[in-house]
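Below: one structure, written as structure tokens.
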Amino acid sequence: MATISELLRDATVAALADLGVSVPPEQVEVTPAQRREHGDYQTNAALRLARTVACPPRDLAERLAARLPEHTAGICARVEVAGPGFVNCFLAPAWLHGVLREVVAAGPDYGHGTAEAGRRINLEFVSANPTGPLHAGGGRWVAVGDAVANLLAAQGAQVHREYYLNDAGTQLDTFVASLRARLRGEEPPPDGYHGRYLVEMAEELRAEHGDDPDPEVVRAWGLARVVAMLEADLARIGVHFDTWFSEQSLHDRGEVAEVLAALAQAGVTYERDGAVWLHSRDLGDTRDRVLVRSDGTTTYLANDIAYHRNKVRRGFDHLIDIWGADHHGQVASLQAGLRALGIGTAESPEPEVILGQLVRLERGGELVRISKRAGDVITLADILDEVDPDAARLTFLLQSIDTPQTFDVEVVTSASLENPVYYVQYAHARISSIGRVAAARGVVRPPLEDTDLGVLTDERELDLLRSLAAYPEVLATAAALRAPHRVTTWVRELAARVHRFYRDCRVLTDDPARTAARLWLAEAARVGLAGALRILGVSAPERMERLDDGDDDAAGAPDAPAAPAAGASGSRP
RNA sequence: GCCCCAGUAGCUCAGUGGAGAGAGCGGCCGCCUCCUAAGCGGUAGGUCGCAGGUUCGAUUCCUGCCUGGGGCGCCA
């Protein structure tokens, strides 16, 4: 299904052809208008082509506008020339009514596209070290990764969610040493993990395996216990991984050794100071990197190259990694190693690494020091103890991952009612309630094909349809840019329009024709809200409790407790 | 020193090669006999970090600089 921009772009190209101006479609821009009086969409074609056609832009625009209606029949009510030579298009209400029928027909899949149709995509995200619970900041990758997966799936991809489990490195050794120390009733080593969870885990371990289990037992038990903890945390926020990929398994199957041999065979390695190095500098990196340490162990890089080769060999059409910006330095090294293996060519595209800026955790405006080893952490589970998963998720999906996010625990928890998630969910609950009331009153919604939508002429009504009309394009763009926050922005706008419609356009009236059309419009809006929320991994409740009934407004004022918060530090005289 | 990201309203952030730059929160003023007031309306608040460049047109693209965040390990 073509988007509006595409439809209007093609119409513009055709109209220009009528004028004897031949121009490839990709050189014609049709964009949403910024101001209502400029219509719904606008093209700057006349401005851009004026020079080559040797015609004043305004004149060219006039000629274009004269021809355009032939090609936009049924879509635009009118077109007009404005400003220095823009051609503004005003969508026809009848066309918007057609959008409503499309939405209802498509249901939950409305707006989905085919940009990734048939592609098998491996999406790796989170992949936090299995040494403790998920950190609150890591929630960003949980929410973003899952939403990106949903976005790609909505474009027809078969998405495989994968968690890379670093169960072979020194971090796990340190974790095991810390666990054993707790088991003995001692403090973990200075560079170990000091979190409280290890004390509790040691108790569990003791109950199951006694005071002095074999170190290998401790290791296996500890790893399994942490993975179970990670899975449980992820389940609480509704995220499920298809594969938990063990780094250790790469070693066990000899894949790391294979990769090292292949790199040596390719002549891109050398020995120095007892270590094996990769000529990564010649392959696009800023410097050479160690693959095998002088003690014979392999580096994270060597293992990661083997891991990605494994993913390629599993037959995916495309690999995507979502990493925090603190892993930025690894990208060039990994790609250098993969290139040497022939991965990163036209036949075998290199992995796409999405870097997201980090979360700055604050409590009441003050930076929270984060150190998993010191045990001074705020975990995702801590957050979920205080807010529901929907609020947590949407908070992480409010802004572009290109910007560092400030996550104030106090704001997100104590003032959670201000979370935009409730604004959107409330819009869904409100619009849903209309259907319930209609049913209770015995108002029957006639079949859509028997409903005359021509009565939907109010700007509030048309605004809803304009939003819904733009949704396929929003989804396609968000998927292409791997930017789920664009869906958040869109659904917040739709929710605002739903609230305004609700306020100004009464659905259940004495006029059966109007009631029928508005019931269907409400249904279309509900489908739009629910569909976008589903992409974001947020639930769309049919009903929500009213917070405050009657006149005790103070009870519902979320900022009421703010005053004591200031005094909590002991400033009260 | 080099690489990546950001700098937009008091705060948190959207957004765009175009026509007086938007939202939420916070401030102020209003709106519930009516489908849920977790809502709606109004008002105040901006040299889109700074300087050049490209362009008919730059907050948007390019370069430099400043500020902030993250990297550049025989850690992961």
Side-chain angles (χ1 to χ4, degrees), chain A residues 29 31-35 37-38 42 44 47-48 50-51 57 82-86 88 129 131 166 168-172 174 247 272-277 285-287 289-295 297-301 303-304 324-333 355-358 360 365 398-406 408 411 415 417-427 429-438 440-441 443 485-486 488-489 492-493 495-496 498-500 502-509 515 518-519 522 543-549 553 556 558-559:
Chain A
E29 285 178 32
T31 53
Q34 303 224 332
R35 310 182 69 78
E37 56 267 37
H38 296 155
Q42 61 180 26
N44 61 1
L47 286 163
R48 293 184 50 137
R51 178 175 295 196
F86 295 105
N88 297 333
N129 280 326
T131 56
N166 296 120
T170 58
Q171 306 255 2
L172 189 64
T174 306
E247 178 188 357
R272 195 180 74 200
D273 303 332
V276 177
W277 294 69
D285 201 352
T286 52
R287 49 163 292 175
R289 309 280 170 179
V290 171
L291 292 170
V292 185
R293 301 187 190 91
S294 50
D295 68 1
T297 58
T298 55
T299 59
Y300 186 88
L301 172 62
N303 305 340
D304 212 23
D326 52 341
H327 292 80
H328 160 67
Q330 292 171 221
V331 179
S333 311
L355 293 173
Q357 299 300 307
L358 302 181
R360 173 189 166 93
L398 283 172
Q399 55 185 272
S400 162
I401 61 168
D402 286 340
T403 70
Q405 178 170 34
T406 300
D408 193 315
V411 171
L417 292 180
E418 291 168 15
N419 192 306
V421 72
Y422 301 110
Y423 181 81
V424 179
Q425 289 185 319
Y426 183 52
R430 266 184 140 184
I431 209 84
S432 299
S433 78
I434 297 174
R436 281 197 303 275
V437 173
R441 293 182 189 173
V443 177
H485 78 279
R486 284 175 176 259
T488 312
T489 300
R492 293 173 73 183
E493 173 68 18
V498 164
H499 285 306
R500 289 196 280 263
Y502 187 95
R503 169 83 178 184
D504 295 341
C505 301
R506 200 152 187 81
V507 174
L508 304 175
T509 66
T515 297
R518 285 185 170 170
L519 278 171
R543 60 178 81 220
M544 288 168 78
E545 297 301 320
R546 270 187 73 158
L547 273 188
D548 49 348
D549 266 318
D553 292 316
D559 54 344

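- Side-chain proximity of T489(A) to the nucleotides A14(B), A37(B), A19(B) is greatest for A14(B).
- For the C1' atoms, the distance linking G41(B) with C61(B) amounts to 39 Å, nearest Å.
- Summarising the geometry, atom CD belonging to Q399(A) is positioned 7.5 Å from atom OG1 belonging to T406(A); distances are rounded to the nearest 0.5 Å.
- Heavy atoms of T403(A) sit under 4.0 angstrom from primed sugar atoms or phosphate atoms, though from no base atom.
- Between the N419(A) side chain and the V421(A) main chain, a donor and an acceptor come within less than 3.5 Å of each other.
- Summarising the local packing, CZ of R543(A) is surrounded by 12 or fewer heavy atoms from other residues, nucleotides or ligands at distances under 6.0 Å.
- L508(A) comes within contact range of at least one nucleobase, with a heavy-atom separation under 4.0 Å.
- Base-pair partner of C2(B): G71(B) (Watson-Crick or G-U wobble, both distances under 3.5 Å).
- Across all strands shown, D285(A) has no heavy atoms under 4.0 Å from either base or sugar-phosphate atoms.
- Residue-level contact check: A522(A) touches neither bases nor backbone, having no heavy atom under 4.0 Å from any strand.
- Rounded to a whole angstrom, the distance from the C1' atom of A38(B) to that of G24(B) is 14 Å.
- Annotation: side chain of H485(A) is not in contact with side chain of L398(A) (no heavy-atom distance under 4.5 Å).
- Rounded to the nearest Å, the gap between the P atom of G46(B) and that of U33(B) is 37 Å.
- The residue Q42(A) sits close to a base: some heavy atom pair falls under 4.0 Å.
- Judged by distance alone, with hydrogens and angles left aside, the side-chain atoms of R430(A) form no donor-acceptor pair with the main-chain N or O of Y502(A) at under 3.5 Å.
- Residue-level contact check: P404(A) touches the backbone only, with heavy atoms under 4.0 Å from sugar-phosphate atoms and none from bases.
- Closest approach to the R293(A) side chain among G15(B), C74(B), C13(B) is made by C74(B) (side chain taken as heavy atoms from C-beta onward).
- Among the atoms of the strands shown, only primed sugar atoms or phosphate atoms (P, OP1, OP2) are found under 4.0 Å from some heavy atom of Q399(A).
- Side-chain N or O atoms of H499(A) include one that pairs as donor or acceptor with a backbone N or O of Y423(A) at under 3.5 Å.
- Rounded to a whole angstrom, the distance from the C1' atom of A37(B) to that of U47(B) is 40 Å.
- The side chain of Y423(A) has G39(B) as its nearest neighbour among G20(B), A76(B), G39(B).
- Closest to the side chain of R500(A), from the set C40(B), G39(B), C35(B), is C40(B).
- Classified by its glycosidic torsion, C32(B) falls in the syn category, the angle being within 90° of 0.
- Between L355(A) atom CG and A6(B) atom C1' there is a gap of 14 Å when expressed in whole angstrom units.
- Relative to the side chain of R35(A), the nucleotides A76(B), G22(B), C35(B) differ in distance, and G22(B) lies closest.
- Put simply, CD on Q34(A) is 14 Å from P on U60(B), counting in whole angstrom units.
- Between H38(A) and H499(A), the residue anchored closer to the 5' end of RNA chain B is H38(A), taking for each the nucleotide with the nearest heavy atom.
- Because its glycosidic torsion is more than 90° from 0, G15(B) is reported here as anti.
- Taking the P atoms as reference points, G64(B) lies 30 Å from G10(B), given to the whole Å.
- In this entry the distance linking CD of Q425(A) with P of A38(B) reads 14 Å, nearest Å.
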Short N/O separations, protein against nucleotides 45-50 of chain B, under 3.5 angstrom:
none

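- Taking only side-chain atoms of R287(A), from C-beta outward, the nucleotide of C72(B), G70(B), A38(B) with the closest atom is C72(B).
- A donor-acceptor pair is defined here as one N or O able to donate and one able to accept, closer than 3.5 Å; no such pair exists between the side chain of W277(A) and the backbone of L291(A).
- Note on R430(A): a side-chain N or O is less than 4.0 Å away from OP1 or OP2 of A37(B).
- Using a 4.0 Å heavy-atom distance criterion, D295(A) is classed as making no nucleic acid contact.
- Across all strands, R543(A) comes closer than 4.0 Å to base atoms (heavy-atom distances).
- Here D326(A) lies in heavy-atom contact (under 4.0 Å) with sugar-phosphate atoms only.
- Of the two residues near RNA chain B, T406(A) and V437(A), the one whose nearest nucleotide lies more 5' is T406(A).
- Rounded to an integer number of Å, the gap from CD of E29(A) to P of U60(B) is 16 Å.
- Nearest to the side chain of T299(A), among A76(B), C35(B), G73(B), sits A76(B).
- When Watson-Crick and G-U wobble pairs are counted only if both distances are under 3.5 Å, G22(B) pairs with C13(B).
- No side-chain donor-acceptor contact under 3.5 Å links N129(A) to the backbone of T131(A).
- Only the P atoms considered, U59(B) is 12 Å distant from G20(B), to the nearest whole Å.
- Of the nucleotides present, G64(B) is the one that pairs with C50(B) by Watson-Crick or G-U wobble criteria, both distances under 3.5 Å.
- Here G30(B) sits opposite C40(B) as a Watson-Crick or G-U wobble pair (both hydrogen-bonding atom distances under 3.5 Å).
- Residue Q330(A) is in base contact, counting any heavy-atom pair closer than 4.0 Å across all strands shown.
- For the P atom pair drawn from A9(B) and G15(B), the interatomic distance equals 15 Å after rounding to whole Å.
- Spacing between atom CZ of R289(A) and atom C1' of C75(B) amounts to 13 Å, rounded to whole angstrom units.
- Distance alone, capped at 3.5 Å, is enough to place a donor-acceptor pair between the T515(A) side chain and the T509(A) backbone.
- Shown here for V290(A) and A275(A), the closest heavy-atom pair between the two residues is CG1-CB, 4.2 Å.
- Summarising the geometry, the separation between CG on L291(A) and C1' on G73(B) is reported as 14 Å, rounded to the nearest angstrom.
- Put simply, the side chain of T297(A) never gets that close to the backbone of R293(A): no donor and acceptor are under 3.5 Å apart.
- Contact annotation for G83(A): base contact, defined as any heavy-atom pair under 4.0 Å involving a base atom.
- Counting only heavy atoms from C-beta on, S433(A) has its side chain closest to C35(B) among A19(B), C35(B), G73(B).
- Contacts of S400(A) with the nucleic acid, taken as non-hydrogen atoms under 4.0 Å apart, involve only primed sugar atoms and P, OP1 or OP2.
- Taking the C1' atom of each, A58(B) and A21(B) are spaced 13 Å apart, rounded to whole Å.
- Among the atoms of the strands shown, only primed sugar atoms or phosphate atoms (P, OP1, OP2) are found under 4.0 Å from some heavy atom of R486(A).
- Checking C35(B), C74(B), A76(B) against the side-chain heavy atoms of N166(A) singles out A76(B) as nearest.
- Listed nucleotides C75(B), A38(B), C5(B) differ in distance to T170(A); the shortest reach to its side chain belongs to C75(B).
- Using a 4.0 Å cut-off between charged side-chain N and carboxylate O, R289(A) and D285(A) make a salt bridge.
- Rounded to a whole Å, the CG atom of N303(A) is 13 Å from the C1' atom of C74(B).
- Taking atom CG of residue D408(A) and atom C1' of nucleotide G26(B), one finds them 15 Å apart after rounding to whole Å.
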